[in-house]
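A quick write-up on the structure given underneath.
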There are 2 protein chains.
Amino acid sequence: MSFDETDRKLLKFLQQDGKQTTKELSHKLNLSVTAVYERIKKLENSGVISKYVALVDRGKIERKFLVLCHVKLTQHKKEFVMQFEREIMDLHEVSECFHVSGDYDYILKICVKDMEDYRNFMLSKLTTLQHIASTHSSFTISEVKNTTEIVI
Amino acid sequence: MSFDETDRKLLKFLQQDGKQTTKELSHKLNLSVTAVYERIKKLENSGVISKYVALVDRGKIERKFLVLCHVKLTQHKKEFVMQFEREIMDLHEVSECFHVSGDYDYILKICVKDMEDYRNFMLSKLTTLQHIASTHSSFTISEVKNTTEIVI
DNA sequence: GGTGAAAACACTCTCAG
DNA sequence: CTGAGAGTGTTTTCACC
């Protein structure tokens with residue numbers, strides 16, 4: 001799919017506020033409501049806009065502590081890899097998990113309440129998984145930037 | 001703020017689909033439209049729901065290549081730290097940047113089109129920043145899990 | 001806490017041009 | 001792409017449990 005300048009602006013606005021009405025957007029884009037409506041539908045139907053979500057402030061729900069954890073597996077047999085990934089899917093503390101190249105096999109983003117909570121998560125969940133050789137945790141001191149928006 | 005089971009379910013539903021109508025939600029929660037409406041307003045006004053956004057599929061907009069980059073600074077004087085963080089804010093390829101403890105000072109999530117694009121980003125943007133001692137890039141082979149939802 | 005109803009308003013979606 | 005219309009959902013208030 002290709003985008004013109006209007007599509008790019010539209011995606012920018014919707015990534016910043018997914019609940020704007022087509023009417024509001026039509027003013028910002030100097031277009032008719034119908035034209036905006038059809039552009040949005042095109043972006044939704046083509047899958048460029050995958051979904052609309054509410055974002056929750058982690059600070060207000062006792063989940064302010066963010067940790068990036070690097071994991072190395074003991075072996076890289078398909079069976080082990082598949083099992084590890086299946087188990088990670090079920091850990092709700094893990095919001096992201098990427099299989100990466102380099103010194104570690106996986107990098108996980110984990111959000112919990114505090115250090116004590118993280119200790120419990122490590123001891124009773126993460127390190128009980130099979131085939132983990134080592135982990136290395138990086139504790140977040142501050143969030144310099146944290147956005148879901150992709151500039152097109 | 002405290003949540004009961006209904007609030008937790010409501011947050012779960014809205015984190016999965018932020019555009020559901022209060023009517024739909026009232027069915028799922030076995031509540032009246034008014035009751036759901038008031039609970040949502042409470043969550044929005046208290047800041048638990050920080051915003052609603054459209055999520056874009058990176059694969060459909062030529063930004064499929066995801067890199068986690070570890071950065072070490074030469075010095076940790078307040079002035080240097082502040083300048084680095086200010087500069088990172090302006091790099092649109094960087095969607096996340098966390099100041100972390102451990103071997104590195106920062107971990108960045110960078111999304112670009114491909115390896116060539118990443119090379120350009122490194123050479124002409126990231127490594128031109130002041131006070132960077134070293135960088136270490138982890139290329140994403142696969143996204144095992146990548147969600148904005150926080151299980152409450 | 002919750003319900004149901006009413007009224008005013010705004011938006012979504014389709015269609016003819 | 002535009003403008004208009006029908007249908008639907010939102011938002012608020014109200015009396016009430």
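Just so it is clear: chains get the letters A, B, ... in the order the sequence lines come, proteins before strands, and each one is counted from 1.
Here the options are B/K64, B/K109, B/R58, the test is salt bridge (charged side-chain N to carboxylate O under 4.0 Å, His left out), and the partner is B/E143; only B/R58 passes.
Residue B/R39 has no polar side-chain atom (N or O) positioned under 4.0 Å from OP1 or OP2 of C/dG1.
B/I40 places its CD1 atom 9 Å from the P atom of D/dT11, with the value rounded to the nearest Å. Remark: P of D/dC1 and CG of A/L25 are 14 Å apart, rounded to the nearest angstrom. The separation between B/H27 atom NE2 and C/dT3 atom P is 12 Å, rounded to whole Å. Spacing between atom CG of A/L29 and atom C1' of D/dT2 amounts to 16 Å, rounded to whole angstrom units.
A cation-pi arrangement is found for B/K77 relative to B/F80, the charged atom lying closer than 6.0 Å to the ring centre and inside a 45° cone about the ring normal.
Side-chain contact annotation: B/D105 with B/H76, donor-acceptor N/O pair under 3.5 Å present. Looking at B/Y52 and A/Q20, their side chains never bring a donor and an acceptor atom within 3.5 Å of each other. Under the 3.5 Å distance criterion, with hydrogens and angles disregarded, no donor-acceptor pair is assigned to the side chains of A/Y104 and A/S134.
Not one N or O on the side chain of A/E38 forms a donor-acceptor pair closer than 3.5 Å with the backbone of A/A35.
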Show each protein N/O and nucleotides 11-13 of chain C N/O combination with a separation under 3.5 Å, one pair to a line.
unit_1	atom_1	unit_2	atom_2	d
C/dC11	OP1	A/T21	OG1	3.3
C/dC11	OP2	A/K23	NZ	3.4
C/dT12	OP2	A/T22	N	3.3
C/dT12	OP2	A/T22	OG1	2.6
C/dC13	OP2	A/Y37	OH	3.1
C/dC13	OP2	A/K41	NZ	3.4
C/dC13	O5'	A/Y37	OH	2.6

